[in-house]
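Input: a single structure, listed below in structure tokens.
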Amino acid sequence: MAPKPPNSVEGLRVAGNQSFRNGQYAEASALYGRALRSLQARGSSDPEEESVLYSNRAACHLKDGNCTDCIKDCTSALALVPFGVKPLLRRAAAYEAMEKYPLAYVDYMTVLQIDYSVTSALEGINRMTRALKDLLGPEWRLKLPPIPSVPVSAQKRWDSLLLENHKETAKTKTTHTKNKVPSSGNMERAKVLKEEGNELVKKGNHKKAIEKYSESLSFNNLESATYTNRALCHLVLKQYKEAVRDCTDALKLDGKNVKAFYRRAQAYKALKDYKCSLADISSLLQIEPRNGPAQKLQQEVNQSLK
């Protein structure tokens with residue numbers, strides 16, 4: 001493979017990556033800065049490349065303890081390509097270091113909406129929850145900034161990037177996460193948060209309930225009912241692909257979860273994927289042959305096929 005021209009954007013980025021790996025963070029930061037200036041001088045729009053350079057330079061700032069510039073660069077990266085996992089995690093770490101715990105909590109929770117198996121985000125949420133309880137008291141959740149809702153397009157985009165860039169790491173993390181039994185304390189916290197989500201559902205606040213269920217899953221992701229509860233909220237909010245994903249996760253934990261089959265069938269019907277919808281209804285009826293709502297849904301899907 002031909003070497004990259006040393007003063008090209010790509011050449012500078014590669015050199016910056018090497019300096020970063022060598023622990024030369026100031027030098028790497030300077031190289032990323034030169035690459036950014038070169039890219040911007042071209043005048044051609046390449047938001048993804050520019051976002052990566054800002055995020056990489058932010059990592060250098062974070063390593064050097066320059067949290068203010070880290071936050072600034074991460075924010076620039078996210079303005080170019082919203083919902084980037086790396087800049088969100090780096091900004092969260094910088095906020096945490098500056099004791100801006102509510103802002104760190106929001107960034108960690110945003111990452112978990114994109115991929116709730118990211119270990120550093122799960123650990124960050126645990127730390128921020130403890131810190132915020134101490135700082136703001138029992139009503140700390142009411143004092144948080146709003147947590148952005150991540151669109152499906154962003155979830156799919158970053159799912160694919162995570163798969164490409166961290167395939168082996170993700171595999172290890174997934175195995176670890178699936179096999180890891182939460183502590184009794186985390187199970188109790190998860191239960192409380194799930195119940196808070198249930199109360200919000202009763203009040204019709206499904207968006208906020210999703211946040212509670214997501215937080216509950218960050219403490220215990222082995223509870224299938226939490227996934228099906230969150231799936232119900234996604235259905236109400238017409239977030240059908242998210243509902244499918246939650247029901248699928250629930251079924252991985254409990255292969256005979258009737259609610260998961262029914263709600264996934266509803267989501268597939270809304271997505272006009274009638275074949276998958278009927279397959280789920282069939283699986284459900286094998287478990288509960290006299291399930292009235294499932295029989296009715298089956299008739300509706302068959303009617304849609306005519």
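Numbering of residues begins at 1 and proceeds along the displayed sequence. Predicted model, so just to flag it, every value in this text is computed and none were measured.
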Test log, rule side chain to side chain contact (heavy atoms under 4.5 Å, CB included), inputs L222 and L253: CA-CA 7 Å; L222 303 178; L253 295 165; 4.1 Å; yes
Exam field: side chain S38 to backbone R34, donor-acceptor pair closer than 3.5 Å: no
Derivation and outcome, side chain to side chain contact (heavy atoms under 4.5 Å, CB included), residues M109 and L112: CA-CA 5 Å; M109 278 301 295; L112 291 177; 4.2 Å; yes
K194 vs E223 side-chain heavy atoms within contact, under 4.5 Å: yes
L103 CG to M98 CE distance, which is reported to the nearest 0.5 Å: 10.0 Å
Residue pair N198 / Y213, side-chain donor-acceptor N/O under 3.5 Å: yes
Residue pairs fulfilling salt bridge (charged side-chain N to carboxylate O under 4.0 Å, His left out) with at least one residue in residues 69-82, sequence neighbours excluded: R57-D73
Gap separating the CG atom of L78 from the CG atom of L88, nearest 0.5 angstrom: 4.5 Å
Partner set under salt bridge (Lys or Arg N to Asp or Glu O under 4.0 Å) for K202, not counting sequence neighbours: E199
With sequence neighbours excluded, residues passing salt bridge (Lys or Arg N to Asp or Glu O under 4.0 Å) with R263: none
Joint hydrophobic cluster, M128 plus V85, side-chain heavy atoms closer than 4.5 Å: yes
Distance (rounded to the nearest 0.5 Å) between S76 OG and E50 CD: 8.5 Å
Heavy-atom side-chain contact between R42 and L39 under 4.5 Å: yes
Modelled atom types, side-chain donor and acceptor of H234 and Q239, under 3.5 Å: yes
Side chain to side chain contact (heavy atoms under 4.5 Å, CB included) between T228 and L232, intermediate numbers included: CA-CA 6 Å; T228 54; L232 173 63; over 6 Å; no
More than 12 heavy atoms of other groups within 6.0 Å of R290 CZ: no
Hydrophobic cluster partners of Y274 (side-chain heavy atoms under 4.5 Å): L251, V258, F261, Y262, L278, I281, L284, L285, I287, L297, V301, L305
Q18 side chain near V14 side chain, heavy-atom distance below 4.5 Å: no
Donor-acceptor under 3.5 Å (N22 side chain, Q24 main chain): no
Any donor-acceptor N/O pair, S224 side chain to A250 backbone, under 3.5 Å: no
Where at least one partner belongs to residues 12-41, residue pairs that pass ring-ring contact (aromatic ring centres under 6.0 Å, His included), sequence neighbours excluded: F20-Y25
Flag side-chain contact, heavy atom, 4.5 Å: F219 against L122: no
Side-chain polar contacts of residues 132-150 - donor-acceptor pairs under 3.5 angstrom, sequence neighbours left out - could you list them?
| unit_1 | atom_1 | unit_2 | atom_2 | d |
| --- | --- | --- | --- | --- |
| R141 | NE | E215 | OE1 | 3.4 |
| R141 | NH1 | E196 | OE1 | 3.3 |
| K143 | NZ | L136 | O | 3.0 |

Scan the side chains in residues 89-96 for donor-acceptor partners under 3.5 Å anywhere in the protein, sequence neighbours excluded, and list what turns up.
| unit_1 | atom_1 | unit_2 | atom_2 | d |
| --- | --- | --- | --- | --- |
| R90 | NH1 | S55 | O | 2.9 |
| R90 | NH1 | S55 | OG | 2.8 |
| R91 | NE | D107 | OD2 | 2.8 |
| R91 | NH1 | T75 | OG1 | 3.2 |
| R91 | NH2 | D107 | OD1 | 3.0 |
| E96 | OE1 | Y108 | OH | 2.8 |
| E96 | OE1 | R127 | NH2 | 3.0 |
| E96 | OE2 | R127 | NE | 2.6 |

CG-CD1 distance between L217 and I125, expressed to the nearest 0.5 angstrom: 12.0 Å
Side-chain (D254) to main-chain (K256) donor-acceptor, under 3.5 angstrom: yes
Those residues that, when tested against Y268, pass ring pair (Phe, Tyr, Trp, His ring centres under 6.0 Å) (two or more places apart): none
Side-chain donor-acceptor pair present, N291, Q295, cut-off under 3.5 Å: no
Cationic N near anionic O, under 4.0 Å, K208 to E211: yes
Pairs where residues 276-306 contributes a residue and the test ring-ring contact (aromatic ring centres under 6.0 Å, His included) is met, not counting sequence neighbours: none
Under 3.5 Å donor-acceptor, H206 side chain and G204 backbone: yes
T226 vs R230 side-chain heavy atoms within contact, under 4.5 Å: no
Residue list, salt bridge (Lys or Arg N to Asp or Glu O under 4.0 Å) with R189, at least two apart or on another chain: none
Heavy-atom closest contact (V244 atom, A267 atom, distance): CG2-CB, 3.6 Å
Residues K207, C233; criterion side chain to side chain contact (heavy atoms under 4.5 Å, CB included); working and verdict: CA-CA 7 Å; K207 189 174 180 181; C233 298; over 6 Å; no
Side-chain cluster (under 4.5 Å, hydrophobic types only) that L237 belongs to, other residues: I210
From L271 atom CG to R264 atom CZ, the distance as rounded to the nearest 0.5 Å: 12.0 Å
Single-linkage hydrophobic cluster, 4.5 Å side-chain cutoff, V9 and L80 together: yes
Heavy-atom closest pair, residues C70 and L62: SG-CB, 3.9 Å
Heavy-atom check, side chain of E195 versus side chain of K191, under 4.5 Å: yes
L36 CG to R13 CZ distance, which is reported to the nearest 0.5 Å: 11.0 Å
Heavy-atom side-chain proximity of N56 to N17 below 4.5 angstrom: yes
Co-membership, hydrophobic cluster, residues V118 and F83, 4.5 Å side-chain: yes
Results of side chain to side chain donor-acceptor pair (under 3.5 Å) for S19 - residues two or more places apart only: E27
